[in-house]
Amino acid sequence: QQQVFRVSAIPDEAPTELQRKFKPLGEYLSQKIGMKVEFTPVTDYAASVEGLINHKLDMVWFGGFTFVQANVRSGGKIVPLVQREEDEKFRSVFITTDKSINKLEDLKGKNFSFGAESSTSGHLMPRSFLLSAKINPDMDMKRVSYSGAHDATVAAVAGGKVDAGALNISVWEKLIEAGKVDTSKVRVFYTTPPYYDYNWSVRSDIDPAVRKKLTDAFLSLNADTPQGKEILQLQRATRFIPTKPENYKAIEAAARNAGLLK
Amino acid sequence: MPPRDPAWRSRIVGCIVFVLVLWPMLVQAEFKPWILFDAQSLQATGNFVASFFPPAHSAEFLQLVAVSTWETVAMATAGMALAMLAAIPMTLLSTELLSISRLGSGRVARLPAWLRQIVRWFLIVLRSIPELVWALLLVRIVGLGPTAGVIAIALTYCGMLGKVYADILESSEAAASNALLQNGSGRLSAFLYGALPEASSELLSYTVYRWECAIRGSIVMGFVGAGGLGQRMDESIKMMAGGELSTMLIVFILLVAAADGVSALLRRRLD
Amino acid sequence: MTFELQEISTRHIGAAKNAYALHSLSLRIAQGEQIALIGPSGAGKTSLLHTLACALKPEQGSLRVFDENPWAAQGSARHALRARLFLAPQTPPLPPRQRVVNAVLAGRLPQWSIWQAIRSLIRPIDPAAAYDALAHFNLQDKLYARVDRLSGGERQRCGMARALVSQAEAFLVDEPLSALDPTLSVQTLNVLQREARTRNATLVCSLHQVELARAHFPRIVGLRDGRIVFDAASSDISDAMIAELYRNRQDELLPASPDHSEIAVAATPRC
Amino acid sequence: MTFELQEISTRHIGAAKNAYALHSLSLRIAQGEQIALIGPSGAGKTSLLHTLACALKPEQGSLRVFDENPWAAQGSARHALRARLFLAPQTPPLPPRQRVVNAVLAGRLPQWSIWQAIRSLIRPIDPAAAYDALAHFNLQDKLYARVDRLSGGERQRCGMARALVSQAEAFLVDEPLSALDPTLSVQTLNVLQREARTRNATLVCSLHQVELARAHFPRIVGLRDGRIVFDAASSDISDAMIAELYRNRQDELLPASPDHSEIAVAATPRC
Amino acid sequence: MKSELKAERILPPAPRMHWSSVLLLIGLVALVVASFATLPLKWHDFFTATAIQSTREFLHGFMPPELRPVFLHKIAIATFETFAMSAIGTLIAAVLGVLLGLPASGRFGLTARLATRGVLNVLRSIPELVWASVLLIAAGLGPFAGTLALALHTFGVLGRLFADAFENCPPQAASTLRINGAHPVAAFFYATLPQSSPQLMSYTLYRWENNIRAAAILGVVGAGGLGQMLKYHLSLFQMQQAASVIIAMILMVGVVDGLSYLLRRMMTR
Ligand SMILES: Nc1ncnc2c1ncn2[C@@H]1O[C@H](COP(=O)(O)OP(=O)(O)OP(=O)(O)O)[C@@H](O)[C@H]1O
Ligand SMILES: Nc1ncnc2c1ncn2[C@@H]1O[C@H](COP(=O)(O)OP(=O)(O)OP(=O)(O)O)[C@@H](O)[C@H]1O
Ligand SMILES: [Mg+2]
Ligand SMILES: [Mg+2]
C-alpha cells in the first residue's frame with residue numbers, strides 16, 4: 001500500500017503560485033484520506049499528463065483540454081472527479097490595447113498571442129471560436145506566439161509586444177482585482193460563450209475507497225468553516241461539484257475540429 | 001621574385017560565397033539593428049530593467065532562493081558526474097588522435113572508422129534530442145522530481161562533453177601522443193602520457209564551464225518538476241517579476257564567478 | 001635482417017602529389033648493426049627514420065621489418081612490431097607540465113598494462129630505472145622536475161633516457177646531439193652505442209656531426225634529396241664524398257645573386 | 001654599449017628558491033660586437049640570452065641595454081627597447097599551420113601597426129622581403145608552405161630568416177645551427193654575421209660547435225653553471241680552456257660507477 | 001657492476017602534493033558526494049520491466065514520422081529560420097568573443113582581464129530566455145529579438161571559452177614575438193590565433209549546435225523555427241509530427257558536427 005499521494009497541476013499559472021494555492025488544500029486532503037499528500041509543480045503541461053497516465057502521479061488539476069488529452073492517451077482510463085462550480089460555465093477573454101481592434105475579424109494580419117499550447121482557455125477554445133468566426137490563426141494572422149501562461153499573455157499585450165491575446169477569464173479577473181493591469185489601456189473586446197473547463201482528475205484504477213474519500217472531501221468543502229473558506233478562496237471557487245467525462249465531449253469535439261487532437 | 005600567393009584566389013572566392021550565403025539568412029532573421037535605438041523601445045526597455053531594482057530580498061524569498069540554489073548545484077553536480085563517467089570512454093573511442101591504424105598512412109582503418117562514426121552519431125543524438133523529449137520520457141519512467149532532472153542532465157551533457165572533449169584532444173598538439181603511439185604503446189597509455197598532459201588545462205576549463213551551464217540551464221528541470229533556480233527564474237519571467245529576477249541573476253553571477261574562480265584555481269594547480 | 005627496404009618511395013600526407021620525400025630507396029640493415037645517417041637539411045633523414053619506424057607508410061616499394069611486412073600485416077601485428085622499435089624524434093615530444101620521471105618511464109608503456117600505466121602516473125612504478133637512465137646523461141637531479149623547466153639540452157637527454165628505459169630491439173634516433181655540447185655529444189653517443197651493443201639492438205642514428213659519425217659508426221649512409229648517395233663503411237668514405245654530399249644546391253643552378261654564390265663558395269664543411 | 005651587466009643573478013619563475021640560472025655575472029658588449037656564447041648544456045646560455053633580451057628579469061644586479069635600464073623604465077619604454085633587440089629562441093616556436101611567409105614577416109611586427117599586421121595575414125604585405133630572407137638560406141621554395149610541413153633544419157632556417165627581416169640593432173641567437181648540416185651551418189653563420197656587420201648590429205650567438213665559434217667569432221664567452229668561466233678573444237682561447245669548460249661534472253665528484261668515468265674520459269670534444 | 005650501481009643510488013625524494021591541492025580535491029569529491037546524498041534519487045525505477053515497456057511505448061508513439069509534403073514544407077521553412085537565427089547569433093558572438101577574449105586572457109594586464117571577465121561573466125550568467133524577454137521589449141516580436149538574445153548570451157560564453165583557450169595555449173610562440181617587441185595584439189594574431197584556431201572554431205561550431213537547440217526556448221518571443229514547432233506538437237501529443245521535427249534537428253546538428261569535423265581536419269592536417 002502506497003504511503004504518499006502525489007498531486008500535480010497544469011502550469012497555467014506560475015508554479016510557485018500553484019504551490020502556494022495548494023498548501024492548505026493538501027493539508028486538508030491529507031487529513032481526510034489519511035495519506036501524506038505531496039505536490040510537485042511542473043512547468044510543462046505534457047509532463048503532468050504523462051505523469052498521471054504512467055502512475056507517477058495520482059491526481060492532477062487538469063484543464064478541459066488536458067483532461068481530454070489524458071483521457072484519449074490513456075484509452076479512457078482517466079476520470080474527472082470534481083470541478084468548481086465556475087468551471088461549468090468557463091469563458092475566455094480576448095484583450096487588446098489596439099483601438100482598431102473591436103471584433104474577432106479585426107485580428108486578421110495582426111500579431112496574436114495564445115497562452116500555452118495545451119491550455120483550454122488560453123488556446124483551444126479561443127482558437128475554436130476564432131475558427132467559427134472564419135479566422136484561421138495560422139494563415140490569417142501575421143504572427144502567432146504562445147506565451148506559455150495567462151499572466152504572460154496579459155504582460156505581452158500590455159507591453160505592446162503583441163496586438164491582442166486570449167486568456168482565461170478567471171485569471172483576468174484576478175489581475176484586475178489585484179490592480180496588476182491598467183484597464184484604461186488594456187481592454188476586453190470579446191468574451192467567449194461558456195464551456196466546461198478545469199477539474200481534478202484521477203486514474204480509474206485508483207483504490208475506490210480513496211476515490212470516494214477524495215470526492216467527499218472536495219464536496220464537503222464550504223465557505224462557512226474557516227479552513228473551507230481559505231481553501232475555496234485560494235482556489236477561486238464558490239464550491240466544488242461532481243463532474244463526469246461526458247461534460248468534456250464538447251471540448252473534445254472542438255479540439256478535433258481545430259486539429260489539435262487526432 | 002617571389003611566386004604569387006597561391007591562397008589569395010581561394011580567399012576572395014571564399015569571401016564572396018560567405019556574403020552570398022549570409023544575405024538570405026539576414027533577411028530571414030529580420031536583422032534590423034536600428035530598431036533597437038528608437039526612443040520608444042529604449043524607454044520600454046529602461047522601464048523593464050528599472051523594475052529589476054531593488055532586487056527582491058524578503059527573508060522568505062531569500063530562503064527559497066537558497067534552497068533552490070543548493071538543489072540546482074546538487075543536481076548539476078550529480079548530473080555532471082554521471083555525464084563525465086559516460087562521456088570519457090566515448091571520447092576515448094571517438095578521438096582520431098588516439099587511433100593506431102591512422103599511423104603511417106593518415107587514414108583510419110574501416111572498422112574503427114565505422115565504430116567512431118557510430119559513437120559520434122550516438123553523441124549527436126544524445127545532445128540534439130530536445131530537453132522536453134527527455135523530460136517526457138523520464139517522467140514516464142521515474143516520475144517527477146530530481147531523479148529525472150539528474151538523468152536528463154547526464155544524458156544531454158554526456159553528448160556534449162563527449163564531443164567537446166574529443167575536439168579538444170583532436171586540436172591539441174599531437175607530437176607527444178604520436179611519439180608514444182609510434183613506439184608501440186596502447187591508445188589509453190598514449191592518452192594518459194601524451195594527450196592528457198597536453199590538453200589537461202583546456203579539458204578542465206571546459207568541464208567547469210559545463211558544470212556552470214548545468215546550473216544555469218535548468219529548463220529541463222522545470223519540465224520534470226525538479227525545481228531549482230532555473231525553474232524559479234522561468235516563473236519570474238512569466239510573471240515579469242523584475243525584482244525576483246534580478247535577485248536570481250545575482251545568484252547566477254555569483255555562482256558563475258565562483259565556478260570561474262575554481263577553474264582558475266584548478267588550472268593553476270596543474271601548472 | 002632488422003630492416004629491408006626495396007625501392008621505397010615515401011610521401012608525406014600533406015605534401016604535393018609528386019613531392020616524394022624518399023625516392024626508390026633500397027637499404028638493408030642487419031640486427032645489431034650501427035648506422036649513421038647523414039645528409040643535408042631536407043634530405044629525408046627524418047622521413048627515412050619514420051618509414052623504418054612504421055610511422056610513415058611507403059607509397060611504393062617493399063618494406064620488411066624484423067622479417068615481416070608491417071603494412072601487409074594486421075593493424076595489431078604492426079603495432080606489436082612498433083613496440084620492438086624505438087623512434088626518438090628530432091624535437092623531443094614531451095608534453096609540458098609532465099614530470100621528467102613520467103616522461104622517461106613512458107618508454108615502458110608498450111610493456112605496461114593500462115593499470116600499471118595509471119598507477120605509475122599516481123606514483124611512478126620504477127623511478128629507479130628512470131633514475132639510472134637519466135644518470136647515464138648526468139640528468140639524475142632532474143628526476144622530479146617538470147619537462148618544460150628543462151634547458152634545451154636537458155630536454156633532449158630526457159628523450160634519450162626514455163630510449164634506454166624502453167625494451168626495444170632497434171633504436172631509430174633522429175639527431176640526438178643537436179642541442180648537446182661536444183662532451184655530452186660523445187657521451188650520449190657512447191651510451192647509446194653501448195646500450196645497443198649489450199642488447200644486440202640495431203641503432204640507426206641521423207646526425208649532422210660528420211666527424212662524430214665517421215669516428216663512431218662503422219657504416220654510414222649518405223642521403224640527399226630523398227636518395228641514397230653512398231652507403232659505405234666509414235673507413236671508405238672520403239672527404240670528397242662528404243663535400244659532394246653537402247654541396248650547396250645553389251652551386252648546381254645559376255647563382256641567384258652574386259651574394260649567394262659567394263656564400264656557397266665559403267660554405268665548405270669545417271666541422 | 002649595447003649590453004652592460006653587473007653582478008646579474010637570474011632565477012626562472014618556476015625554479016626553486018636558490019636555483020639561480022645565472023650567478024652574479026658581469027659582461028659588457030659594445031655595439032657591433034660579435035660574440036659567441038659557449039658552454040655545456042644547462043650552463044645558462046639560454047637564460048643569459050633571455051636576460052639580455054629583457055625577457056627574464058634579473059633578481060639582482062644591474063642591467064643596461066642600449067644605455068638604458070629596462071627594468072627601471074616604464075613598461076612601454078621597455079617594450080620599445082625590445083623592438084630594437086631580436087631574440088631567436090633555441091627551438092623556433094613557430095605555430096603549426098602558419099605559412100612560412102607569415103612566420104618570416106612576423107619579424108617586422110614591431111615596426112608594423114596592428115592594422116598592417118592584420119592586413120598582412122590576409123595578404124602578405126612584403127612577400128619579396130620574406131623571399132629574399134629565405135633565399136639567403138636556400139629556402140625560397142618554401143615561401144608559401146606550412147611551417148609544420150618543414151623538416152627540422154628548414155624550420156630552424158625559417159626562424160633565422162625572421163631575424164633578417166627584422167630591423168633589430170642586436171641579434172640574440174640561441175643555437176642557430178643545432179639542426180643544420182655543416183655546410184648550411186657555415187652559410188647561416190656567414191649570413192648572420194654579414195647582416196650584423198652591414199647594420200652595425202650586435203650579434204650574440206650561443207653555439208655548441210666550438211670550432212665554428214673559434215673560427216668565426218672574434219670574442220668568445222664561456223659559461224658554466226651560470227658563471228662566466230672565460231671571456232676572451234678567440235685567439236687567446238686554448239684547447240685546455242675548452243676542455244676545462246666542457247669537463248664532465250662526473251669527474252668532479254666521485255664517479256658514480258666505473259661506467260661513467262670511462263665515458264667521461266672518452267668524452268673529449270672532437271668536433 | 002649493476003648491483004654496485006644500485007647500492008650507491010640515492011633517489012631524490014618524490015615531491016609531495018601541496019596541501020591546498022589535496023584540500024581542493026577533497027572539496028570537489030565532497031561536493032559530488034553531498035550532491036548525490038542530499039537529492040532524493042530513485043535509481044531502482046530504471047531497472048524495472050515497466051521502465052523498458054514504457055520506453056518502448058513512448059518511442060513507438062513517434063513511429064512513423066509525419067512525412068506529408070505540406071508538413072515537410074513547414075519543417076523546411078522552420079529549419080531555415082532556426083538555421084538563420086542560430087548562425088547569425090553565433091557569428092556575431094564569435095566575432096565579439098575573439099575581440100573581448102583578447103583582454104580577458106590577460107593580454108592587456110590584470111585589470112583589463114578582471115574587468116572583461118566580469119563583463120563576460122554577467123553576459124553569460126543571464127540565460128537566453130531572460131535576454132529574450134528584455135530584448136523583446138526593445139526589438140519587438142520576431143526572430144531578430146531571438147537572434148540578439150542568442151548572440152548576447154553566446155558572446156559571454158564564447159568570450160570566456162576563447163579567453164581560456166588563449167590562456168591554455170602554449171605560450172612560447174607568442175612570447176617570442178613579444179620579447180622581440182611586437183605589440184601584444186600583433187603577437188596574438190601571429191602566434192596565439194593560429195595555434196588555437198582549431199579550438200576556437202570547434203567551440204564556435206559547437207555553440208552553433210547549442211544555439212540550434214536553444215532557439216527552441218525562444219518560441220516565446222515569436223522567434224519560432226523548429227523549437228516552437230516541437231513544443232507545439234509535443235504539447236498536443238502529436239508525436240509523429242514531433243518525430244519529424246526531432247529528426248530535422250538531429251540532422252541539422254549532425255551537419256554542423258560534420259562541418260566542424262571537416263574544418264578541423266583541414267586545419268590540423
Ligand atoms: N623555465 C625554467 N624553469 C626553471 N628552471 C629552468 C627553466 N629553464 C631553464 N631552467 C634551468 O636553468 C638552468 C640553465 O638553463 P638554460 O636553459 O639557460 O641552459 P642552456 O645553457 O641554454 O642549456 P642548453 O645548452 O641545454 O640549452 C638549467 O639548470 C635549467 O634546468
Ligand atoms: N609533414 C610534412 N608534410 C609535407 N612535407 C614534409 C613534411 N615533413 C617533411 N617534409 C618535406 O620532406 C622533405 C624531407 O624532410 P625530412 O624531415 O625527412 O628532412 P631531414 O633530412 O630530416 O632534414 P633536417 O635535417 O632539416 O631535419 C623536406 O623537403 C620537407 O620539406
Ligand atoms: Mg629531420
Ligand atoms: Mg639553451
Side-chain angles (χ1 to χ4, degrees), chain B residues 25-26 28-32 35-36 41-42 44-45 48-49 70 73-75 77-78 81 120-121 124-125 127-130 132-133 136-137 140-143 145-147 150 163-164 167-168 170-171 173 201-202 205-206 209 216-217 219 233-234 237 245 249 252-253 256-257 260 265-266 269, chain E residues 21 24 31-32 34-36 38-42 45-46 51 54-55 58 80-81 83-85 87-88 117 121-122 124-127 129-130 133-134 137-140 142-144 147 160-161 164-165 168 170 198-199 202 206 209 213 216-217 230-231 234 246 249-250 253-254 257 260 264 268:
Chain B
M25 295 208 280
L26 287 175
Q28 177 75 33
E30 300 176 15
F31 196 78
K32 296 173 203 134
I35 61 172
L36 284 180
S41 42
L42 276 183
T45 317
F48 181 52
V49 173
W70 170 248
V73 169
M75 273 190 286
T77 312
R120 285 167 61 86
W121 273 100
I124 289 177
V125 168
R127 66 177 187 274
S128 56
I129 287 188
L132 186 51
V133 179
L136 289 180
L137 177 62
R140 280 173 153 248
I141 297 176
V142 283
T147 318
V150 169
K163 179 216 159 83
V164 176
D167 276 9
I168 290 175
E170 210 88 61
S171 37
E173 191 68 53
S201 49
E202 191 68 29
S205 308
Y206 191 77
Y209 160 70
R216 205 177 327 113
I219 327 143
M233 186 110 128
D234 226 38
I237 295 173
L245 202 56
L249 286 180
F252 270 163
I253 291 172
V256 164
D260 236 24
L265 207 66
L266 283 173
R269 285 280 155 265
Chain E
S21 306
L24 204 63
L31 179 65
V32 174
S35 302
F36 278 104
T38 52
L39 292 174
L41 299 176
K42 308 176 278 188
D45 286 2
F46 269 96
S54 187
T55 311
F58 183 72
F80 185 61
E81 182 164 336
F83 182 80
M85 271 173 61
I88 294 171
R117 286 233 172 206
N121 278 353
V122 170
R124 78 172 195 282
S125 299
I126 302 178
L129 203 59
V130 179
S133 59
V134 174
I137 304 170
F144 181 51
T147 308
R160 127 103 201 225
L161 286 177
D164 277 8
N168 296 333
Q199 197 52 54
S202 69
Y206 161 72
E209 259 179 35
R213 265 169 291 127
I217 318 160
L230 180 81
K231 180 94 200 306
L234 276 182
I246 293 170
M249 287 177 88
I250 291 179
V253 172
D257 184 85
S260 115
R264 197 182 38 259
T268 52

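All chains are named by letter (A, B, ...) in the order of the sequence lines, taking the proteins before the strands, and each is independently numbered beginning at 1.
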Do B:Leu249 and E:Pro127 have side-chain heavy atoms sitting under 4.5 Å apart? yes

Tell me, for B:Arg127 versus chain E, whether the close heavy atoms (under 4.5 Å) come from the side chain, the backbone, both or neither. both

Separation between CG of E:Asn121 and CD1 of B:Ile253, rounded to the nearest 0.5 Å: 8.5 Å

Engaged part of B:Ala257 at the chain E interface, taking heavy atoms whose separation is under 4.5 Å: both

Residue E:Ala165 versus chain B: region with a heavy atom under 4.5 Å: both

Under 4.5 Å to a heavy atom of chain B? For E:Leu24 that would be side chain

Supply the atom-to-atom distance B:Ile129 CD1 to E:Arg213 CZ, rounded to the nearest 0.5 angstrom. 11.0 Å

Let me know if B:Val150 has heavy atoms under 4.5 Å from chain E in its side chain, its backbone, both or neither. side chain

Nearest 0.5 angstrom please: B:Asp260 CG to E:Arg160 CZ, how far? 4.5 Å

For chain B, the option from E:Ala51, E:Ser202, E:Ala34, E:Ser125 that forms the most heavy-atom pairs under 4.5 Å: E:Ser125

Segment of B:Arg269 engaging chain E (4.5 angstrom heavy-atom cut-off): side chain

Checking E:Arg117 against chain B: side chain, backbone, both or neither under 4.5 Å from a heavy atom? side chain

Locate the shortest heavy-atom distance separating B:Ser171 from E:Gln199; write the atom from each residue and the value. OG-OE1, 2.8 Å

Say you draw a straight line from CD of B:Glu30 to CE of E:Met85; how long is it, rounded to the nearest 0.5 Å? 10.5 Å

On a heavy-atom basis, the closest approach of E:Phe58 and B:Val133 is CZ-O, 3.9 Å

For E:Leu31 and B:Val73, which heavy atoms make the closest approach, and how far apart are they? CD1-CG1, 4.3 Å

With respect to chain B, which residue among E:Val122, E:Leu234, E:Ile246, E:Asp164 yields the maximal number of heavy-atom pairs within a distance under 4.5 Å? E:Asp164

Tightest non-hydrogen contact, residues B:Pro146 and E:Leu39, listed as CB-CD2, 4.1 Å

Supply the atom-to-atom distance B:Tyr206 OH to E:Leu161 CG, rounded to the nearest 0.5 angstrom. 6.5 Å

Does any backbone or side-chain atom of B:Val164 lie under 4.5 Å from a heavy atom of chain E? Answer side chain, backbone, both or neither. side chain

Heavy-atom proximity to chain E below 4.5 Å, by part of B:Leu245: side chain

Which pair of non-hydrogen atoms, one from B:Thr147 and one from E:Pro40, has the smallest distance, and what is that distance? OG1-O, 3.6 Å

Does the side chain of E:Val253 come within less than 4.5 Å of B:Lys163's, by heavy atoms? no

Please report the shortest heavy-atom distance between E:Thr38 and B:Ala74, naming the atom on each side. OG1-CB, 4.0 Å

Mind checking what makes ring pair (Phe, Tyr, Trp, His ring centres under 6.0 Å) contact with E:Tyr206, not counting sequence neighbours? none

In terms of heavy-atom pairs under 4.5 Å, which option from E:Val32, E:Asp257, E:Val130 contacts chain B the most? E:Asp257

Rounded to the nearest 0.5 Å, how far does CZ of E:Arg264 lie from CD of B:Glu170? 5.0 Å

